[in-house]
Amino acid sequence: AITGGTGKAGAHLLGTASVPAAAGVTTFSGLSIDSAGTGYTLTATATGPSTATSGSFDITPGSPSASQSTLSVSSGTVISANAVTLKLRARDAFGNYLTTGGATVVFTYSGGTSTGTISATADSATGVYTATFTGVLAGSATTIGATINTVAVTSTLPTITVTPNNATRLAFFVQPTNVNTNTAISPAVVVRAVDAAGNVDPTFTGSGFSIVLQITSGTGTSGAVLTGGGVIDAVNGVATFSLLKIDLAGTGYTLTASAIAVGPPPADATSTAFNVVAP
């Protein structure tokens, strides 16, 4: 048995710990201890002879186990272009924390529609491995996984949800198409306020967050007038222009979208070229 008060409290001696003597000698093979610790001793007892205590020894953690090692994230949500920390805590098959490095750990993400980039893994040499996940596309939660020495971690896996950043530019989601003079452009032109990764910024909405369309200077026919546009308040980062008309026929028109916003406005956007023809 493990001598009381030595090693780590709660440790167990595994294997066959009671063996008959043969010619005064007993051999214990296959013994192990499930908890890493220092200063263990074993006590041998028998009917008749007095007890004996072994010399002191230490138990160190075993090889990293993919089923016992654990994953965590510093936050379950991240704004696009920002980062969270991924961490793997290596444990052996008995759940002992490893205190040395050297394993090959690769972090992954899968499932959901949130996307990001994962940095190279840092080995702290203390059994802890970290990387950073930088959010890109906003969407539903993605699951963070990892392999340790090519074996997939099977403990409970955390998730990360990427959310949009503040809008930095406008973007045409539905472009203007060729149309007759004084006829509404169809389908309706749609402009979005997006962040650097192209995520729609839902906070760009309501009064004070408006988008204006104009004929781009120097395109189409000089003197042409765009009607039905004006100023439209964005709704959750989106403005829809359903009544746009141009009064003069011409080729190579483009439209420029500009923002009116509280604080620095997103950058302008220019549509693809289209033509207006006489009916």
Side-chain angles (χ1 to χ4, degrees), residues 78-82 111-117 134-142 161-279:
V78 61
I79 297 172
S80 180
N82 288 266
T113 55
S114 291
T115 69
T117 59
T134 302
V136 178
L137 295 182
S140 59
T142 187
T161 300
V162 180
T163 58
N165 209 326
N166 294 327
T168 58
R169 60 186 175 89
L170 300 179
F172 280 85
F173 180 66
V174 177
Q175 299 279 354
T177 56
N178 295 339
V179 68
N180 291 336
T181 56
N182 294 312
T183 300
I185 297 174
S186 181
V189 175
V190 178
V191 179
R192 292 174 166 179
V194 298
D195 64 17
N199 300 302
V200 178
D201 176 8
T203 65
F204 194 92
T205 189
S207 177
F209 295 92
S210 304
I211 296 176
V212 183
L213 282 186
Q214 297 176 319
I215 297 171
T216 306
S217 177
T219 70
T221 299
S222 177
V225 176
L226 177 72
T227 59
V231 178
I232 294 182
D233 290 342
V235 178
N236 298 325
V238 179
T240 301
F241 299 82
S242 57
L243 300 173
L244 297 176
K245 298 178 183 179
I246 294 178
D247 62 347
L248 297 180
T251 59
Y253 279 97
T254 64
L255 300 181
T256 296
S258 303
I260 302 172
V262 177
D268 292 354
T270 301
S271 75
T272 56
F274 62 100
N275 301 325
V276 177
V277 298

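This one's a predicted model, so the numbers in the text were calculated from it and none came from an experiment.
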Counting C-beta onward and ignoring hydrogens, is there a side-chain heavy-atom pair between [X] and [Y] closer than 4.5 Å?
X: Val189; Y: Val174; value: no
X: Val194; Y: Phe173; value: no
X: Ile232; Y: Val191; value: no
X: Thr227; Y: Asp247; value: no

- For Ala261 against Phe204, the heavy-atom pair lying closest together: CB-CE1, 3.6 Å
- Message: Restricting to non-hydrogen atoms, name the atom on Ser242 and the atom on Ala184 that form the minimum distance, rounded to 0.1 Å.
- Response: O-CB, 4.2 Å
- Note on the structure: The single option from Thr203, Asn199, Thr205 that satisfies side chain to side chain donor-acceptor pair (under 3.5 Å) with Asp201 is Thr203
- Task: Kindly compute the distance separating OG1 (Thr183) from CG (Leu244), expressed to the nearest 0.5 Å.
- Result: 12.5 Å
- Query: Counting distance only, does the side-chain N/O of Asn165 pair as donor-acceptor with the main-chain N or O of Ser80 below 3.5 Å?
  - Reply: yes
- Spell out, as yes or no, whether a donor-acceptor pair under 3.5 Å connects the side chain of Thr113 to the backbone of Ser140. yes
Polar side chain donor-acceptor pair, [X] to [Y], under 3.5 angstrom:
X: Asp233; Y: Ser210; value: yes
X: Ser271; Y: Thr254; value: no
X: Thr256; Y: Thr216; value: yes

